[in-house]
Undergrad: 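Okay, here's the structure, questions in a sec.
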2 protein chains.
Amino acid sequence: MLNGPPSQAGPGGPCVAQKVKLSTIAETLGLSTATVSLALRDSPLVADATRERVKEKAVELGYIYNRRAASLRTSRSGIVGVVVHDIMNPFYAEILRAIETELDRSRQTFILSNHYDSVDKQRNFIETLLQLGGDGVIMSPAIDTPVADIKLAEDNGMPAILIARQVPELDVPTFRGDDSYGIALATNHLISLGHRVIAMIGGTDQTSTGRDRYQGYVNALLKAGIEVDPGLRIPGPRTKQGGFEAAVNFLSMPQKPTAAVCWNDLVAIGLMNGVSRAGLVAGRDISVTGYDDLEEAAIATPALTTVWNGQAEVGRSAARALLDKLNGSSEANGLHLIKPEMRIRQSTAPLKKD
Amino acid sequence: MLNGPPSQAGPGGPCVAQKVKLSTIAETLGLSTATVSLALRDSPLVADATRERVKEKAVELGYIYNRRAASLRTSRSGIVGVVVHDIMNPFYAEILRAIETELDRSRQTFILSNHYDSVDKQRNFIETLLQLGGDGVIMSPAIDTPVADIKLAEDNGMPAILIARQVPELDVPTFRGDDSYGIALATNHLISLGHRVIAMIGGTDQTSTGRDRYQGYVNALLKAGIEVDPGLRIPGPRTKQGGFEAAVNFLSMPQKPTAAVCWNDLVAIGLMNGVSRAGLVAGRDISVTGYDDLEEAAIATPALTTVWNGQAEVGRSAARALLDKLNGSSEANGLHLIKPEMRIRQSTAPLKKD
DNA sequence: CTGAAAGCGCTTACAG
DNA sequence: CTGAAAGCGCTTACAG
């Protein structure tokens with residue numbers, strides 16, 4: 001009992017039988033927990049030699065910092081929540097990638113969730129995040145998100161940043177593309193190629209994005225003196241499947257559209273696949289534009305003419321705005337529109353006169 | 001000071017100036033925190049009437065449960081970590097969707113991360129998860145994951161479940177498809193269509209999956225008495241881009257392959273896009289098989305012949321295995337192989353005799 | 001430069 | 001059925 005080997009130094013290095021905590025290190029080294037705590041966080045208050053001793057011992061003992069305990073004390077958790085419609089959608093995935101890169105740099109952990117446009121699922125996520133003491137939340141709000149749900153976060157000290165979509169009457173920082181302008185770019189491009197009967201495929205009026213994009217299409221037509229025919233609109237899911245299924249409908253329209261403005265790249269690719277089952281090739285028999293300029297757009301066949309929508313920029317800006325807010329500044333309130341740009345590839349071509 | 005209105009009951013309902021905690025509810029109601037705590041968690045120890053009063057007051061005050069405090073006490077956090085190569089890859093996204101569904105049911109929060117095959121990023125994630133007191137981790141291990149990194153989790157009471165990939169000499173529950181068997185299905189399918197010069201596109205030997213798939217392809221050829229030509233293999237990224245770029249290489253092979261077994265659906269779709277730029281159509285001029293049966297495979301053009309790889313099943317089983325472990329049972333150790341199945345569509349066709 | 005002590009907001013025995 | 005008290009593992013003033 002008296003001179004046996006110290007039980008800590010078992011064979012095999014950092015073998016954690018009893019949980020190692022700050023106080024374990026403190027006792028082993030004959031220091032106070034205060035000093036150990038400061039040393040581990042590189043406080044200049046601690047002597048260099050002491051800091052080294054502490055850090056070495058921490059590694060040796062396999063110490064694991066308990067962030068729950070720390071954040072209970074400091075009320076900063078290092079957790080940021082991100083909730084979007086569906087991370088499987090490459091549009092959001094590209095945004096997330098940029099957010100991840102930015103948050104990693106600040107050593108924030110991020111918690112991800114889909115809401116699939118369920119307001120309940122979204123509120124649930126916000127509540128969980130609050131319970132975990134989340135520092136902030138970046139969200140692409142679900143359709144019909146009540147202002148109260150965002151306020152819930154903000155009132156409890158968890159700032160919110162909005163991406164891709166907007167909630168009316170809310171002054172939180174919001175980053176998204178200028179949809180109305182962007183879709184007009186695509187529509188104008190088709191008009192300049194001689195097209196006059198242009199369908200609009202995909203999307204709904206339930207989101208601000210959906211309304212803006214339809215409006216942009218309508219405006220561009222009107223400006224060119226082309227009559228707007230609501231029958232040329234096929235609303236629907238914003239997915240490849242949605243575009244694929246719209247193809248039959250598109251091809252059987254009595255107005256015989258020669259071009260399609262699609263809600264996004266996914267719909268456009270699906271539509272191109274669909275019409276090609278009928279032997280038609282985009283860029284030859286019909287013209288198709290996408291929206292977003294996903295990484296995939298350039299390697300689609302034919303390569304997709306589309307509108308760059310700045311996913312990476314949206315993600316990066318949103319993350320930075322949040323980090324800024326966490327550090328006390330808050331200049332970023334309000335709407336930040338990113339200017340879309342045309343990307344002309346092979347899926348559009350001049351109208352052939354019969 | 002004496003008979004002003006109580007400061008809690010400000011106008012506008014649950015307006016949280018001071019942070020509302022358990023003790024706030026307790027004081028307001030003249031109860032102890034113990035009783036309030038039990039009431040909120042539906043303990044049968046508490047009288048029904050008391051429970052109702054507590055719950056109503058909690059809502060009224062806008063109380064937010066502090067999970068950090070609770071988990072500091074109970075050492076269960078309700079957090080599960082999930083780390084995969086890249087959530088933007090639909091293969092993983094489909095697995096994640098199943099995991100999410102399963103964990104939601106048990107009210108576990110999940111934290112997601114990509115490791116992009118960086119062992120450091122992966123270890124970092126595991127450490128963060130430990131610091132947050134994660135209950136468990138589901139991972140598709142990065143290439144060359146050291147056993148020690150998994151042990152780090154397990155030794156600190158955080159069980160690990162492996163998906164899609166394996167770490168040698170590790171007995172943790174592992175769920176994946178039977179790659180060697182599955183790729184043989186695809187190869188045999190092409191052989192039965194008369195193909196003899198069959199290329200293998202994409203993948204590397206650095207993952208167990210990569211080795212298994214190449215081996216399955218080799219085995220199928222040998223069994224059919226076809227000589228294996230290593231020159232017919234084009235290793236590469238497992239992405240659409242990778243398949244797209246392999247097309248040139250594939251078309252210029254001196255052996256003139258008539259078919260391609262692709263590492264996965266993404267590579268296959270990329271390859272089909274690539275060869276179609278040269279005017280060749282899969283299912284007519286060449287035959288192409290994919291692997292995974294992503295949702296996208298069925299709507300590709302041409303619809304992709306592929307191998308169902310059970311993503312949803314992998315995700316569901318992994319999540320259940322983890323939940324079981326957290327509840328004390330641990331029968332699921334070791335490897336669980338899911339049997340792949342052939343899905344024949346339009347991208348493969350009988351060899352045309354010239 | 002280091003230590004003693006209080007406290008973050010819960011839950012858990014233990015009493016009654 | 002309810003309450004008083006200790007403790008989870010940190011950090012933060014405050015002393016020295």
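Below, all heavy atoms of this structure are taken into account, side chains as well, without hydrogens, waters or symmetry copies. Convention: sequence-line order gives letters A, B, ...; per-chain numbering from 1.
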Undergrad: According to the interplanar angle, ranging from 0 to 90°, do the rings of B:H336 and B:F175 count as parallel (below 30°), tilted (30 to 60°) or perpendicular (above 60°)?
TA: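 Taking B:F175 first and then B:H336, their aromatic rings lie parallel (interplane angle under 30°).
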Undergrad: Whole Å only: how far is the CG atom of B:D42 from the C1' atom of C:dT11?
TA: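 Spelled out: CG on B:D42 to C1' on C:dT11 is 16 Å.
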Undergrad: Go nucleotide by nucleotide along DNA chain D from the 5' end; which of B:A47 and A:I64 gets its closest nucleotide reached first?
TA: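 Comparing both residues, the 5'-ward one is B:A47.
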Undergrad: Within the pair A:R41 and D:dT11, is there a side-chain N or O less than 4.0 Å away from OP1 or OP2?
TA: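 Yes, because at least one side-chain N or O of A:R41 sits under 4.0 Å from OP1 or OP2 of D:dT11.
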Undergrad: Look at all strands and tell whether B:G30 reaches a base, only sugar-phosphate, or nothing, counting heavy atoms closer than 4.0 Å.
TA: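 Sugar-phosphate only.
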Undergrad: Tell me whether B:T174 contacts the main-chain N or O of B:V172 through its side chain, where contact means a donor paired with an acceptor under 3.5 Å.
TA: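 Between the backbone of B:V172 and the side chain of B:T174 there is a qualifying donor-acceptor contact (under 3.5 Å).
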Undergrad: With respect to the phosphate group of D:dA4, does any side-chain polar atom (N or O) of B:S32 fall under 4.0 Å of OP1 or OP2?
TA: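 For D:dA4, neither OP1 nor OP2 has a side-chain N or O of B:S32 closer than 4.0 Å.
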Undergrad: Select base, sugar-phosphate, or nothing to describe what A:T50 touches, counting heavy atoms under 4.0 Å on all strands.
TA: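 It contacts sugar-phosphate atoms only.
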Undergrad: Find the distance between OH (B:Y116) and CD1 (B:I87) and round it off to the nearest 0.5 Å.
TA: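 Answer rounded to 0.5 Å: 7.0 Å.
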Undergrad: Supply the atom-to-atom distance B:K19 NZ to B:K21 NZ, rounded to the nearest 0.5 angstrom.
TA: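 Taking NZ in B:K19 and NZ in B:K21, the distance rounds to 10.0 Å.
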Undergrad: Checking the side chain of A:T74 only, and the main-chain atoms of A:R76 only, is there a donor and an acceptor separated by less than 3.5 Å?
TA: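 Side chain of A:T74 to backbone of A:R76, a donor-acceptor pair under 3.5 Å: yes, one is there.
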Undergrad: Just to be sure I understand the rule, does B:S75 reach a base, reach only the sugar-phosphate, or reach nothing, if contact means heavy atoms closer than 4.0 Å?
TA: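 The answer is nothing, as B:S75 stays clear of every strand by at least 4.0 Å.
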Undergrad: Could you go through A:K55 and A:E52, starting from their C-alpha distance and side-chain angles, then the distance that decides it, and tell me whether this counts as salt bridge (Lys or Arg N to Asp or Glu O under 4.0 Å)?
TA: CA-CA 5 Å; A:K55 290 200 165 183; A:E52 286 317 307; 6.0 Å; no
Undergrad: Would you kindly give the CD-to-C1' distance between A:Q131 and C:dC10, to the nearest whole Å?
TA: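 So the CD-C1' distance, A:Q131 to C:dC10, works out to 12 Å.
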Undergrad: Given D:dC10, is OP1 or OP2 found less than 4.0 Å from the side-chain N or O atoms of A:S37?
TA: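 So the side-chain polar atoms of A:S37 never come under 4.0 Å of the phosphate oxygens OP1 or OP2 of D:dC10.
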Undergrad: For A:L22 and C:dT2, what is the distance between atoms CG and P respectively, to the nearest whole Å?
TA: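 Rounding to the nearest Å, CG of A:L22 and P of C:dT2 are 15 Å apart.
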Undergrad: Please evaluate residues B:V84 and B:N89 with respect to the criterion side chain to side chain contact (heavy atoms under 4.5 Å, CB included), reporting the C-alpha separation (whole Å), side-chain torsions for both, the decisive distance (0.1 Å), and the verdict.
TA: CA-CA 10 Å; B:V84 299; B:N89 182 325; over 6 Å; no
Undergrad: How close or far is atom C1' of D:dC1 from atom CZ of B:R53, stated in whole angstroms?
TA: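 For the pair B:R53 CZ and D:dC1 C1', the rounded distance is 13 Å.
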Undergrad: Quick one: do the A:Y63 and A:T24 side chains pair a donor with an acceptor below 3.5 Å?
TA: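 No, no side-chain donor-acceptor pair sits under 3.5 Å.
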Undergrad: Tell me the interatomic distance from B:R51, atom CZ, to D:dT2, atom C1', rounded to whole angstroms.
TA: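 Nearest whole value for this atom pair: 14 Å.
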Undergrad: Less than 4.0 angstrom between a side-chain N/O of A:T35 and OP1 or OP2 of C:dG3, yes or no?
TA: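 For A:T35, the contact criterion (side-chain N or O under 4.0 Å from OP1 or OP2 of C:dG3) is met.
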Undergrad: May I have the distance from B:L45 (atom CG) to C:dG16 (atom C1'), rounded to whole angstrom?
TA: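 Taking CG of B:L45 and C1' of C:dG16, I get 14 Å after rounding.
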Undergrad: Looking only at atom types and distance, does a side-chain atom of B:T101 sit under 3.5 Å from a main-chain N or O of B:R97, one as donor and one as acceptor?
TA: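 At least one qualifying donor-acceptor pair exists.
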Undergrad: Identify, between B:R68 and B:L38, the residue whose nearest nucleotide on DNA chain C lies closer to the 5' end.
TA: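 On the 5' side of the pair lies B:R68.
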Undergrad: Using whole Å, what does the distance between atom C1' of nucleotide C:dC10 and atom CG of B:L40 come to?
TA: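 Rounded to the whole Å, the gap is 11 Å.
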Undergrad: Flag yes if more than 12 heavy atoms outside A:N327 fall under 6.0 Å of its CG atom; otherwise flag no.
TA: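 Counting other residues, nucleotides and ligands, CG of A:N327 exceeds 12 neighbours.
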Undergrad: Side-chain N or O of A:R67 less than 4.0 angstrom from OP1 or OP2 on D:dC10?
TA: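 No.
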Undergrad: Within this structure, what is the CD-to-P distance between A:E27 and C:dG3, rounded to whole angstrom?
TA: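 In whole Å, C:dG3 P and A:E27 CD are 13 Å from each other.
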Undergrad: Both atom distances under 3.5 Å, Watson-Crick or G-U wobble: I'd like the secondary structure of DNA chain C as a dot-bracket string, with | for pairs made across strands.
TA: |||.||||||||.|||
Undergrad: Check nucleotides 5-8 of chain C against the protein and report each pair of N or O atoms closer than 3.5 Å, with its distance, or say if there are none.
TA:
{"residue": "C:dG7", "atom": "N2", "partner": "A:R73", "partner atom": "NH1", "Å": "3.4"}

